[in-house]
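Numbering starts at 1 and runs along the sequence shown.
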Amino acid sequence: MKKLFVSMALAGCALTGSAQPRCNADGTVTFQLKNDSAQKVMVDVQFAGRQEMTRGADGVWTATVGNRGDKTSPVAPDMYPYCFIVDGVSVMDPENPQYFPNEGFKNSILEVPAREGTLAHDIRDDVEHGRVEYIHYYSKSLGATNQAVVYLPPSYLTDMQKKYPVFYLISGTTDTEEVYYKVGRVNYILDNLLAEKKAKEMIVVMPYGNPAKLLGTKAAAQAAPQTRFGGDVFSQDLINDLMPYIESNYRTVNNAEHRAIGGFSRGGNQALYNGLTNLDKFAYLCSYSSFTSTDIPNVYDQASETNKKIRLFWLGVGTDDFLYGNARDYMEFLDKKGITSVKVFTNDKFGHTWMNAKYFLTQTLPLLFNKKAAETAMKASEPAPAATGQEPQFTPGVMARMFPKPIISPEYTETGITFRFKAPEAKRVELHAEFMPEYMAMERDSDGVWSTTLKDFLFETFTYCFIVDGMPVADPNNMNITANQGLKYSIADNPKSPFNFASQGNIQHGRTAYDLTRQEAWYTSPMPGGMVMPVFIQLLPGEGDTMESWFKEGGADAIADRLLADGKTKPCIITTSTLDFMQGMPQMPGFGTKTLRADDYPTWGLRRRALVKLLLDAGKEERPSFPGMGGPRGGFGGGFGGGFGGDGF
């Protein structure tokens, strides 16, 4: 079985491969992709658009690209999304581990380093890094489990008495809660600013801006449009569920002077609307490439009172952004109402892009929770530029072109799982799932959409991809993809599975923390009663895995949460660390490490089963008490990787 799985994985990549993009001394970038059967290949990169690639005798397609497509013009150092277009099909770079988390499109990330000095988002070895935690919490507003990412500053686990202000930071349309972390690099930007003493210490909370999607296809379709100004389930969840969870589980200062809210694109709209309608809760408001409603009672028509409540009202947009006209109009509206705002414009970051989002972060983070700096910035506010009549405007037509009706894949029914992929020009499309000994042929309809239905494995979690004319492609309509080093697969995970967060109901959840310096994960389960010695589990990643794999594909956190809630296991700490983290700990009955090695099992399904069995067996053990551990807000501070001490204390 193991040989079969390996051969299948290799077969899927037999005709394709590449080398990661090469940044040249003259500032251009060389892209390469090996594909023996393709007829036409282009690279689509944000600083140059689509550029044709040339095939060599060895089957390697190559293109050297400069700024805006000029082959000699240097590219500005930054991070850029890109993909390859192979015979009309968009594919990620199979050799690049960095990718763009998104509900829809699947891009890789190119990092062009600074030719001199460092960039604001660089991952620097000479600074202390905070850590990133993935949280799940039951949302009464949503009626289901929601998710978010939380950044904790470096001092959070060393100064156990300190409380911190909180910045709620929301990403854009179709983005997931991971984007401000993996593309926006807010954690590294803030690490660097803190090291240089240019920003205040803060917790950053990154919500998922489209939580209705977690409810399933029908519920998502019935939810409020993502462009709606307020009244939507996101706004309700933010105020009534997420904020109370954060303030109950982290050491926070809970007043308007110590809360900020901001976001990019749709997230900017969500941030402004929720900030302006809750000025008793937020004193710092930031919008990156966005605008919001001009109809908010008791805000715009009471400018004097509004100005007193807002420490920082910061608005940034690119003059080449398709939202520039709307954003400029909103700035002018505020001026006419007498409401002060900081206005920042760019013209060199390719419009509505995450290059702009990162830049705006670097400008605003030093102002947050810094009254003097914010006051100086607000006093320097200038009027909005005069309208020329040529500004682009965001209309329903533009929305329809940019975000066409999505294809549903995978779609779960009572009888099977249907997979769909649109490729009108493809000659053959097949489904490749990790447990299948052979590829499954898909059929094309009149619209060029290929589909097939699996009757079995309905509640199994597994990885899969499409084989399009011999080329492996991740499902562009599934936002769940593997976190491995090489070719990214999609993850099929039935929302009704007992080990899927969406189906777990109102239970307590642990937290998964990522140690960015040592590249290891630490999950800490809820600790009911706080007195039982937890089970220590070491999950060793397999070949090609990352510190995320046991959680993204393996579902270790969801499995532990469910079994603990059902009373079938004991509280536990799970880590992907390869260190002997029990060395020097007290020796007593039941105090030991249980280890699972991913490479001992050929599929993630079997790995999950092994973990379930291990946790069920642990649930039968008598655990020694260990006074002083855990507590009412439970936890070990995220595991030994961060030291003891409850995160909520």
Side-chain angles (χ1 to χ4, degrees), residues 12-100 102 104-113 183 320 322 348-355 401-402 404 421-429 448 450 465-476 486-488:
C13 304
L15 300 180
T16 60
S18 70
Q20 288 192 45
R22 182 178 70 248
C23 297
N24 303 312
D26 62 358
T28 61
V29 180
T30 297
F31 296 89
Q32 290 186 316
L33 176 73
K34 181 174 176 59
N35 188 306
D36 295 325
S37 60
Q39 300 301 305
K40 182 178 181 180
V41 179
M42 294 183 287
V43 61
D44 188 354
V45 60
Q46 203 146 47
F47 61 76
R50 293 189 175 188
Q51 302 293 319
E52 290 195 10
M53 303 181 74
T54 302
R55 178 179 174 173
D58 57 357
V60 176
W61 297 77
T62 304
T64 296
V65 183
N67 188 48
R68 302 190 185 278
D70 186 329
K71 294 185 178 180
T72 61
S73 180
V75 177
D78 212 320
M79 295 170 63
Y80 300 95
Y82 75 98
C83 66
F84 297 111
I85 311 296
V86 182
D87 294 335
V89 176
S90 172
V91 298
M92 287 188 289
D93 188 336
E95 295 298 322
N96 190 344
Q98 294 193 73
Y99 65 94
F100 196 121
N102 192 272
F105 69 83
K106 301 293 181 286
N107 278 3
S108 300
I109 298 294
L110 162 70
E111 194 159 354
V112 179
V183 182
D320 51 354
F322 65 79
D348 60 346
K349 300 185 189 303
F350 309 98
H352 200 71
T353 67
W354 275 87
M355 290 80 79
R401 288 194 301 274
M402 292 187 61
F421 181 75
K422 188 168 185 177
E425 300 176 11
K427 297 179 178 61
R428 183 178 179 84
V429 178
W450 300 74
C465 69
F466 300 120
I467 306 298
V468 184
D469 293 333
M471 174 181 62
V473 181
D475 188 341
L487 177 70
K488 302 294 185 293

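- Taking every heavy atom of both residues into account, V43 and A63 meet most closely at CG1-CB, 4.4 Å.
- Rounded to the nearest 0.5 Å, atoms NZ (K71) and CD (Q51) are 8.0 Å apart.
- For the pair D58 (side chain) and V60 (backbone), a donor-acceptor distance under 3.5 Å is present.
- Closest approach of V89 to A423, counting heavy atoms only: CG2-CB, 4.2 Å.
- Sorted by first and then second residue, the ring pair (Phe, Tyr, Trp, His ring centres under 6.0 Å) pairs with a member in residues 19-56 read F31-Y82, F47-Y80; sequence neighbours excluded.
- Partners of N107 according to the side chain to side chain donor-acceptor pair (under 3.5 Å) rule, which considers only residues two or more places apart in sequence or in another chain, do not exist here.
- For the atom pair NZ (K106) and OG (S90), the distance works out to 9.5 Å, reported to the nearest 0.5 Å.
- Put simply, NZ on K427 and CG on D469 are 6.0 Å apart, with the number rounded to the nearest 0.5 Å.
- Here the CH2 atom belonging to W354 is positioned 6.5 Å from the CZ atom belonging to F100, to the nearest 0.5 angstrom.
- Side-chain atoms of V91 and P472, non-hydrogen and from C-beta on, never get closer than 4.5 Å to each other.
- Minimum interatomic distance between V41 and A38 (heavy atoms only, all atoms of both residues): CG2-CB, 3.7 Å.
- Between N96 and S108, the shortest heavy-atom contact is ND2-CB, 4.0 Å.
- The two atoms that bring F350 and M355 nearest to each other are CD1-CE, 3.8 Å, heavy atoms only.
- Crowding of R68 atom CZ: a count of heavy atoms from other residues, nucleotides or ligands under 6.0 Å exceeding 12.
- Between T353 and K349, the shortest heavy-atom distance links the atoms OG1-O, 2.6 Å.
- Contact annotation: the side chain of V45 never approaches that of P21 to less than 4.5 Å [non-hydrogen atoms, C-beta and beyond].
- The CD atom of Q98 lies 9.0 Å from the CG atom of L110; values are rounded to the nearest 0.5 Å.
- In this structure the side chain of T54 never reaches within 4.5 angstrom of the side chain of T62, judged on heavy atoms.
- Remark: R55 CZ to N35 CG distance equals 7.5 Å, nearest 0.5 Å.
- Looking only at side-chain heavy atoms (C-beta outward), K488 and C465 stay at 4.5 Å or farther from each other.
- The closest side-chain donor-acceptor pair between T30 and T64 falls under 3.5 angstrom.
- Checked against V468 for a side-chain contact (heavy atoms from CB on, under 4.5 Å), the options D87, V86, V473 give a single hit: V473.
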